[in-house]
*Asks:* 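Here you go, one structure.
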Amino acid sequence: MTKTIFRYTFIAGVSILILCALLFFGMQYTQTKDETYKALQQEAVYAEQGLMLNGIPYLETLGDVNRVTWINTDGEVLYDSMFSLPLANEKDCPEVAEALKKGEGQGIRTSESSGESTMYYARRCQDGTILRLSRPVRAMREAFMAVRPFIWILVLVLVISGILSFKIAKQIVNPINAIDLDHPEANKYPELRPLIEKIEEQKITIQEEVSSREQMRREFSANVSHELKTPLTSISGFAELMAEGEVPGDKVQEFSKDIYKESQRLIALIDDIIKLSRLDEEAEEPNWENVDLYGLSGEVLDSLRPVANKQGITLKLTGSPISINGVYQLLSEMVFNLCDNAVKYNTPGGSVTVDVSEKDDEVFLSVADTGIGIPTEHQKRVFERFYRVDKSHSKEIGGTGLGLSIVKHGAQHHGARVKLESEPGLGTKITLIFKKKAN
Ligand code: ADP
């Protein structure tokens, strides 16, 4: 950060300096050029007067600062201070042509051989002849000479701006580095207070999150131990009685059935724990595909039909085939858990209706039953792990207490929402709301 602040402040300083220097140099260059032109113009006026009075001998006295050329109206050179006659016709030279037409003309030409630029000024005399004065333009060099004394100042300013940039960067960064998060009240800079307050808030949020996770973890372990222990204690008790020969022959089948039922409960519980921990890990699911929710719901209902028939519960599927992008296995478990609950917590002769529909950019899968319903005070908690409304009957009803947790986590995995509507004594409707273009 120090380096970045230093770099930017230094670059800003240097850029301003270079721009100022270029501006100064440009102004100096234009001024030198203007002055040369004005000098040529002035000298040409005097030269014309002398020429008109004394002729060529006057021109010969003019010295060698300027080149002086006298040209007649046909472009023939009558006199040239630098070259002896005869010289080429000058009528086509731009400044000469312009002077013949308008009274005066000017131009700058660069010699191909020497690369030096020359400024020409031509003036029409009273007798119609042209008097031309020219001089090399050294505006660049002169501008550079004018600027030269300032170069040292420029270098000095650059060094000073480097040192200042470094100090500024340090002064900005040092107080941030010096923040003592254990003693935020020791901060001397009011500008840093909002930042420190934000960090403090974040610290508290993280601490709360950590402790609530820890609490959840402890509750979960306690619940798992309890849920595992109950069927295992039964299995162990039944097996012990059978091993000691205390079970009469006609009861062996019944005891074996109980052992089988309890072990099935254990297997289902362990299966659900594994599913949940996989969802907790948010492991990358490779099997994302187009899943037809209507077809999938049909398969789930078919698998539950034997159990439902036993209790006289009617299973219905309404809506139309609609596909979403999802993980088939997980979606199937979610819909199974919802339908399984809808059957388990139903009343004899009741019904379960699964509906698949879509509206705007959302897809809805709802499972509605005409069962016992969930009292309002329990509705928020039924998605928690191992939470059951009626704990005393959970053994006979079955279930692991993890079904709705899997639904909630599965929905999160698919970017879906879960909506619960329930009326005790009337029934329950749980809706999964998927985004159509999820993932
Ligand atoms: P369980 O294995 O006990 O069914 P769930 O997580 O699936 O566990 O459900 C948690 C609790 O929510 C259940 O014990 C039950 O009390 C209540 N519940 C879930 N679905 C329904 C429903 N369709 N009707 C009434 N109560 C329900």
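Counting starts at 1 for both ligands and their atoms, in listed order. Here the structure is a predicted model, which is why all the values come from computation and not from measurement.
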*Asks:* Indicate the ring-plane relationship of Trp288 and His413, choosing parallel, tilted or perpendicular according to the 30° and 60° boundaries.
*Replies:*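 Rings of Trp288 and His413: parallel, as their planes differ by under 30°.
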*Asks:* For a 4.5 angstrom cut-off between non-hydrogen side-chain atoms, does Ile270 reach Ile274?
*Replies:*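 Yes; the side chains approach each other to less than 4.5 Å.
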*Asks:* Quick one: which of Arg385, Lys275, Lys408 gives a salt bridge (Lys or Arg N to Asp or Glu O under 4.0 Å) with Asp280?
*Replies:*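 Going through Arg385, Lys275, Lys408 one by one, the salt bridge (Lys or Arg N to Asp or Glu O under 4.0 Å) with Asp280 is satisfied by Arg385 alone.
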*Asks:* Between Glu35 and Lys38, does at least one N-O distance fall below 4.0 Å, as a salt bridge requires?
*Replies:*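 Lys38 and Glu35: not salt-bridged.
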*Asks:* Which of the numbered atoms in ligand 1 are below 4.0 angstrom from a heavy atom of Tyr387?
*Replies:*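 Once the distances to Tyr387 are compared, the set is 10 (C), 11 (C).
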*Asks:* Show me which atoms of ligand 1 lie under 4.0 Å from any heavy atom of Arg388.
*Replies:*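 Within the 4.0 Å cut-off of Arg388, ligand 1 contributes 3 (O), 14 (O).
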*Asks:* Return the set of residues passing salt bridge (Lys or Arg N to Asp or Glu O under 4.0 Å) with Glu358 (not counting sequence neighbours), or none when no residue passes.
*Replies:*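 Applying salt bridge (Lys or Arg N to Asp or Glu O under 4.0 Å) to Glu358 gives Lys436.
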*Asks:* Quick test of your reading: applying ring-ring contact (aromatic ring centres under 6.0 Å, His included), list the pairs with at least one residue in residues 236-255, sequence neighbours left out, ordered by first then second residue.
*Replies:*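 Found Phe238-Phe255.
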*Asks:* For ligand 1, is there an N or O atom under 3.5 Å from any N or O atom of Ile430?
*Replies:*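 No; the residue has no nitrogen or oxygen that sits under 3.5 Å from a nitrogen or oxygen of the ligand.
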*Asks:* Could you tell me, atom by atom, which parts of ligand 1 come under 4.0 Å of a heavy atom of Thr400?
*Replies:*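 Answer, ordered by atom number: 2 (O).
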*Asks:* Report the part of Val382 (side chain from C-beta onward, or backbone N, CA, C, O) that has a heavy atom under 4.0 Å from ligand 1; answer both or neither where that applies.
*Replies:*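 Answer for Val382: both.
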*Asks:* Which is closest to atom 5 (P) of ligand 1 in terms of heavy atoms, Leu404, Asp390, Leu269, Ile406?
*Replies:*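 Ranked by closest heavy atom to atom 5 (P) of ligand 1, first place is Leu404.
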*Asks:* Under 4.0 Å from a heavy atom of Lys344: which atoms of ligand 1 are those, numbered in the order shown and with their elements?
*Replies:*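 Near Lys344, the atoms of ligand 1 are 1 (P), 2 (O), 4 (O).
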*Asks:* Flag the pair Glu200 and Lys203 as a salt bridge only when some basic side-chain nitrogen lies within less than 4.0 angstrom of an acidic carboxylate oxygen.
*Replies:*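 Salt bridge between Glu200 and Lys203, a charged N being under 4.0 Å from a carboxylate O: yes.
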*Asks:* Between Ser405, Pro424, Gly401, flag the one that comes closest to atom 1 (P) of ligand 1 by a heavy atom.
*Replies:*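 The residue whose heavy atom sits nearest atom 1 (P) of ligand 1 is Gly401.
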*Asks:* With respect to Ile374, determine whether any N or O atom, backbone or side chain, lies less than 3.5 Å from an N or O atom of ligand 1.
*Replies:*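 It does not: no N or O of Ile374 is found under 3.5 Å from an N or O of ligand 1.
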